[in-house]
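Below is one structure, written out as structure tokens; the observations come after it.
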Amino acid sequence: MSLLTGESINSGYGDMEVLHDVSFHIEEGEIISIIGPNGAGKSTLLKTIFGLLNPTKGRVIFKGNSITGLAPDRIVRLGMAYVPQVENVFPSLTVHENLEMGAFILTDDFSDRLEEVYELFPILKERKKQRVGKMSGGERQMVAMGRALMLDPELLMLDEPSAALAPKLAEIIFERITAINETGVSILIVEQNAKESLKLADRGYVLASGQNRFEDTGENLLANEEIGQLYLGG
């Protein structure tokens with residue numbers, strides 16, 4: 001049984017349909033990369049999976065049960081976390097306070113989980129008293145990812161985690177994504193930096209005009225000349 005499955009999903013905004021018959025699956029422990037041109041529907045797919053948009057057709061199945069139409073707060077409790085591209089931190093709060101906000105539904109002591117997140121992001125422990133609004137873009141992205149991990153999800157979805165970051169900072173973010181995956185968290189990543197995203201992915205999907213165009217291993221997609229010319233800059 002796949003951890004997450006999408007079956008023939010149509011979705012969009014009001015009368016504007018963005019996704020057309022999109023299907024996918026994610027197995028436990030995998031990193032899956034979704035690439036494609038701007039406007040292809042990549043972010044729309046993540047929002048549909050997470051319940052921010054309701055599909056007009058098709059189903060989303062998580063751990064064997066349909067979550068189609070469920071609200072995000074219920075989906076979070078099932079073991080899924082989502083980091084949007086923008087507005088993904090509380091800038092007026094400290095690093096520590098942001099991470100505490102990630103554990104908002106927990107009633108038990110979460111200090112052990114907090115330490116595990118700090119182990120994944122040592123710089124956050126060093127700066128735990130710093131207000132997040134004063135941090136660099138890469139550091140804020142780490143805060144957002146750390147906050148999403150506070151509930152120990154089985155699946156982490158990331159929307160453009162390296163967007164607007166300098167190459168060195170983007171490299172650090174991709175390293176942290178691999179480290180998170182090594183702890184047993186499955187990852188679904190939407191990323192414009194397609195080459196780097198596919199390098200760390202077990203499998204990838206190419207979306208174009210809201211439809212599945214290609215599906216293969218990350219290695220094979222990188223080696224595919226047609227995909228290289230159309231979607232990877234040659």
Side-chain angles (χ1 to χ4, degrees), residues 2-27 30-89 141 144-145 147-148 153-164 177 186-194 197-198 201 203-216 218 221 224 226-227 229-233:
S2 297
L3 178 64
L4 179 72
T5 303
E7 298 178 346
S8 303
I9 293 172
N10 289 9
S11 186
Y13 307 87
D15 294 333
M16 184 177 70
E17 187 174 275
V18 177
L19 300 177
H20 317 289
D21 202 33
V22 173
S23 296
F24 62 90
H25 65 97
I26 301 171
E27 305 304 318
E30 281 191 315
I31 299 178
I32 301 297
S33 175
I34 300 176
I35 66 169
N38 288 333
K42 304 184 298 296
S43 295
T44 301
L45 180 57
L46 294 191
K47 291 175 182 176
T48 303
I49 294 168
F50 198 63
L52 295 168
L53 296 171
N54 287 325
T56 56
K57 173 179 172 288
R59 294 197 304 164
V60 180
I61 299 169
F62 184 52
K63 298 194 293 187
N65 297 305
S66 175
I67 60 170
T68 313
L70 286 186
D73 64 304
R74 293 185 61 188
I75 292 174
V76 164
R77 294 171 187 272
L78 294 175
M80 187 187 300
Y82 166 59
V83 179
Q85 181 180 350
V86 296
E87 298 181 350
N88 54 21
V89 294
Q141 190 63 43
M145 292 164 61
R147 186 162 60 87
E154 294 170 65
L155 174 66
L156 175 64
M157 299 197 300
L158 302 170
D159 192 357
E160 303 283 4
S162 77
I177 290 171
S186 304
I187 295 175
L188 177 59
I189 176 173
V190 160
E191 182 56 62
Q192 279 296 315
N193 192 340
S197 178
L198 290 174
R203 290 186 298 111
Y205 292 87
V206 180
L207 284 187
S209 301
Q211 296 179 305
N212 290 103
R213 296 299 189 195
F214 299 92
E215 174 195 352
D216 210 329
L221 289 174
N224 186 304
E226 181 182 359
I227 291 173
Q229 291 173 355
L230 292 174
Y231 307 109
L232 303 180

Separation of [Y] [atom2] from [X] [atom1] (nearest 0.5 Å):
X	Y	atom1	atom2	answer
H20	Q211	NE2	CD	6.0 Å
R77	L70	CZ	CG	12.5 Å
S11	L52	OG	CG	10.0 Å
I75	Y82	CD1	OH	11.5 Å
I26	I49	CD1	CD1	6.0 Å
F50	I67	CZ	CD1	9.0 Å

Minimal non-hydrogen separation, [X] against [Y], with atom names:
X	Y	answer
G51	P72	O-CD, 3.7 Å
P84	E87	CG-O, 4.5 Å
L221	Y205	CD1-N, 4.3 Å
A163	Q85	CB-NE2, 3.6 Å

Inset, instruction - Check step by step if side-chain contact (heavy atoms from CB on, under 4.5 Å) holds for L78 and N65. - result: CA-CA 10 Å; L78 294 175; N65 297 305; over 6 Å; no
Inset, instruction - Could you please spell out the steps behind the side-chain contact (heavy atoms from CB on, under 4.5 Å) verdict for K47 and Y13? - result: CA-CA 11 Å; K47 291 175 182 176; Y13 307 87; 3.9 Å; yes
Inset, instruction - Test side-chain contact (heavy atoms from CB on, under 4.5 Å) on N212 and L207 and set out the steps. - result: CA-CA 5 Å; N212 290 103; L207 284 187; 4.2 Å; yes
Inset, instruction - Indicate whether any N or O donor in one side chain lies under 3.5 Å from an N or O acceptor in the other, for E191 and S33. - result: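 Distance-only check fails for E191 and S33.
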Legend entry - Distance-only side-chain donor-acceptor flag, S2 / E27, under 3.5 Å: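 Checked: S2/E27 side chains pair up, N/O donor to acceptor below 3.5 Å.
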Inset, instruction - Output yes when K42 and D159 qualify as a salt bridge under the 4.0 Å nitrogen-oxygen rule, no when they do not. - result: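 Salt bridge between K42 and D159, a charged N being under 4.0 Å from a carboxylate O: no.
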Flag the pair [X] / [Y] as yes when at least one side-chain heavy-atom distance between them is below 4.5 Å, and no otherwise.
X	Y	value
T5	F24	no
Y231	V206	yes
T48	V22	no
D216	I227	no
E160	V86	no
P55	T68	yes

Inset, instruction - Show your working on side-chain contact (heavy atoms from CB on, under 4.5 Å) between I177 and M145 and close with a plain yes or no. - result: CA-CA 9 Å; I177 290 171; M145 292 164 61; 3.8 Å; yes
Inset, instruction - Quickly, which of V18, L19, T44, I9 forms a side chain to side chain contact (heavy atoms under 4.5 Å, CB included) with L53? Name it, please. - result: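 Among V18, L19, T44, I9, the one that satisfies the side chain to side chain contact (heavy atoms under 4.5 Å, CB included) with L53 is T44.
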Legend entry - Name of the residue among L46, I35, L45 meeting side chain to side chain contact (heavy atoms under 4.5 Å, CB included) with V190: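 Running side chain to side chain contact (heavy atoms under 4.5 Å, CB included) over L46, I35, L45 with V190 returns exactly one hit, L46.
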Quick check: does any side chain N or O of [X] sit under 3.5 Å from a backbone N or O of [Y], one acting as donor and the other as acceptor?
X	Y	result
S8	G58	no
K63	G79	no
R203	H25	yes

